[in-house]
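Notes follow the structure.
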Amino acid sequence: MATTLIYRRKQERGGAVWGVALAAAVAAVAVGLHHFPNLGIFSALILAIVLGMTVGNTTTIPASWRAGTQFCLKRVLRVSIVLLGLQLSFTQVGQIGVRGMAVVAGSLVGTFLFTVWLGARLGVDRKLAQLIAAGSSICGASAVIAANVVTEGRDEDVAYGVAVVTVFGSISMLVYPLLPRALHLAPAAFGLWTGASIHEVAQVLAAAFQDGAVSGQFGTISKLARVMLLAPTVLTLGMLSARRDSDKGARLDWRSLPIPWFVLGFIAMIGANTLNIIPLEIKTALLGANQFLLALSLAAMGLETSLSKLKQAGIRPMILGAGAWLFIATLSYGLVRLLY
């Protein structure tokens, strides 16, 4: 019996290694495709989840390999979110000023609450609605996968959430550069608007720099300031989840709140970057490696996603994403005109 148990554990470890290797191969292909001219508009994260879903739904992956993909989804994902903090600093908030930060924060909070409310009215599953709300209001795919640590939605929910924010963020990237003159926005105001409303960082850069360097700089800073709000948003979701469980009869123990500790690491990395504790060469290497870690996590998520289950969600989540997209664009524009 002991021999059988040892053999089974060796099989499980071997399967986990193959699962990680498969996800890494998919991520490597995604990173490579991202550098192709016609595919560069899509981030490596988006390509990774699409490729992962393609492989996962067209081939039979051994069940023993799931241990490896789950490792990427949980352990690797948390490490990559912590390292995201290295591209931010607290001084960036000061560069857009109090009014600029009010635009960013107001747009984020308003959009998140509106999306959750609209999701309930449309009959969209609460967890999926929260993921779409996080992706639309904060920073796209990264926010979706970070929020799912506390919402604990299905892999299909995450995949749908990523798809929604990708579609509408890409539309913004193409449409926004046509609007600054029509909307009478100065370069700084246009940059602030893009950073406060477009979903992905790369999409903000592509749209904001179309109106010049000043617009690009304000777009970058306001978007990164918005990404910094990922930490308090995820922490709040964790507390709300704990309170919801207590309402169902479970005892609320504040010492055992589902606080995502990786978020505290994310904040610590922002602090380290603000104080320039980490040498530039090491920071550059870590940020480069982290792009692959994020792609690895999304590739694993794609491998775990069932297209048949995605179809079961129907069109309503996409309608919710459209509503969130229009809402944040309108609200942030109104705040820019009012406050900036």
Side-chain angles (χ1 to χ4, degrees), residues 15-36 39-81 84 125 127-128 130-132 134-136 139-149 151-170 199-203 289-314 317-318 321:
V17 171
W18 282 111
V20 173
L22 176 60
V26 172
V29 173
V31 171
L33 289 175
H34 173 64
H35 291 94
F36 276 64
L39 294 174
I41 60 172
F42 300 106
S43 72
L45 305 186
I46 304 306
L47 294 173
I49 197 169
V50 171
L51 288 174
M53 290 172 64
T54 302
V55 173
N57 286 274
T58 57
T59 61
T60 301
I61 301 173
S64 61
W65 291 20
R66 286 201 71 230
T69 54
Q70 287 295 314
F71 173 80
C72 296
L73 279 173
K74 295 178 180 178
R75 307 282 183 175
V76 175
L77 174 60
R78 285 165 171 76
V79 171
S80 61
I81 293 175
L84 274 177
D125 178 76
K127 293 180 179 180
L128 177 54
Q130 289 179 346
L131 295 181
I132 293 174
S136 300
C139 56
S142 298
V144 172
I145 57 180
N148 193 56
V149 175
T151 61
E152 298 180 338
R154 303 173 305 159
D155 293 332
E156 288 75 23
D157 291 340
V158 177
Y160 208 138
V162 169
V164 166
V165 297
T166 300
V167 167
F168 293 107
S170 297
H199 302 338
E200 295 275 353
V201 174
Q203 294 164 347
N290 196 42
Q291 286 302 304
F292 182 77
L293 293 179
L294 284 168
L296 177 63
S297 302
L298 267 292
M301 191 163 292
L303 291 168
E304 292 277 328
T305 299
S306 169
L307 286 177
S308 61
K309 291 182 180 179
L310 272 181
K311 291 178 182 177
Q312 292 175 7
M318 190 63 70

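All values reported here derive from a predicted model rather than from experimental measurement.
Residues meeting the salt bridge (Lys or Arg N to Asp or Glu O under 4.0 Å) test with Glu304, sequence neighbours left out: Arg66. A search for side chain to side chain contact (heavy atoms under 4.5 Å, CB included) contacts involving Asp125 returns Lys127, Leu128, Asp157, not counting sequence neighbours. Judged as a side chain to side chain contact (heavy atoms under 4.5 Å, CB included), and not counting sequence neighbours, the contacts of Val29 are Leu33, Leu51. A search for side chain to side chain contact (heavy atoms under 4.5 Å, CB included) contacts involving Ala44 returns Val31, His34, not counting sequence neighbours. For Ala163, there are no side chain to side chain contact (heavy atoms under 4.5 Å, CB included) partners two or more places apart in sequence or in a different chain.
In terms of heavy-atom proximity, Ala159 sits nearest to Ile49 at CA-CD1, 3.9 Å. Residues Val165 and Ala141 share a closest heavy-atom pair of CG2-N, 4.0 Å. Of all heavy-atom pairs between Cys72 and Ala300, the closest is CB-CB, 3.6 Å. Contact between Ala299 and Val26 at its shortest, heavy atoms only, is CB-CG1, 3.7 Å. When every heavy atom of Gly314 is checked against every heavy atom of Tyr160, the shortest pair comes out as O-OH, 2.5 Å. Scanning all heavy atoms of the two residues, the minimum distance from Ser80 to Ser297 falls at OG-OG, 4.2 Å.
Annotation: side chain of Leu131 is in contact with side chain of Thr151 (closest heavy-atom distance under 4.5 Å).
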- Message: If you apply the rule side-chain contact (heavy atoms from CB on, under 4.5 Å), what do you find for Gln70 with Asp155, and how did you get there?
- Response: CA-CA 11 Å; Gln70 287 295 314; Asp155 293 332; 4.3 Å; yes
- Just do the side-chain contact (heavy atoms from CB on, under 4.5 Å) check on Arg75 and Val79 with the steps written out, would you? CA-CA 7 Å; Arg75 307 282 183 175; Val79 171; 5.9 Å; no
- For Met318 and Phe168, what are the C-alpha separation, side-chain angles and deciding distance, and is it a side-chain contact (heavy atoms from CB on, under 4.5 Å)? CA-CA 10 Å; Met318 190 63 70; Phe168 293 107; 3.7 Å; yes
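Atom-to-atom distance recorded for Cys139:SG and His199:NE2 is 11.0 Å, nearest 0.5 angstrom. Rounding to the nearest 0.5 angstrom, the gap separating the CG atom in Leu298 from the CG atom in Leu293 is 11.5 Å. One finds the CH2 atom of Trp18 at 13.5 Å from the CD1 atom of Ile61 (value rounded to the nearest 0.5 Å). Here Gln130 contributes atom CD and Ile132 contributes atom CD1; the two are 11.0 Å apart, rounded to the nearest 0.5 Å.
Screening residues 18-35 for salt bridge (charged side-chain N to carboxylate O under 4.0 Å, His left out) gives no qualifying pairs among residues at least two apart or on separate chains.
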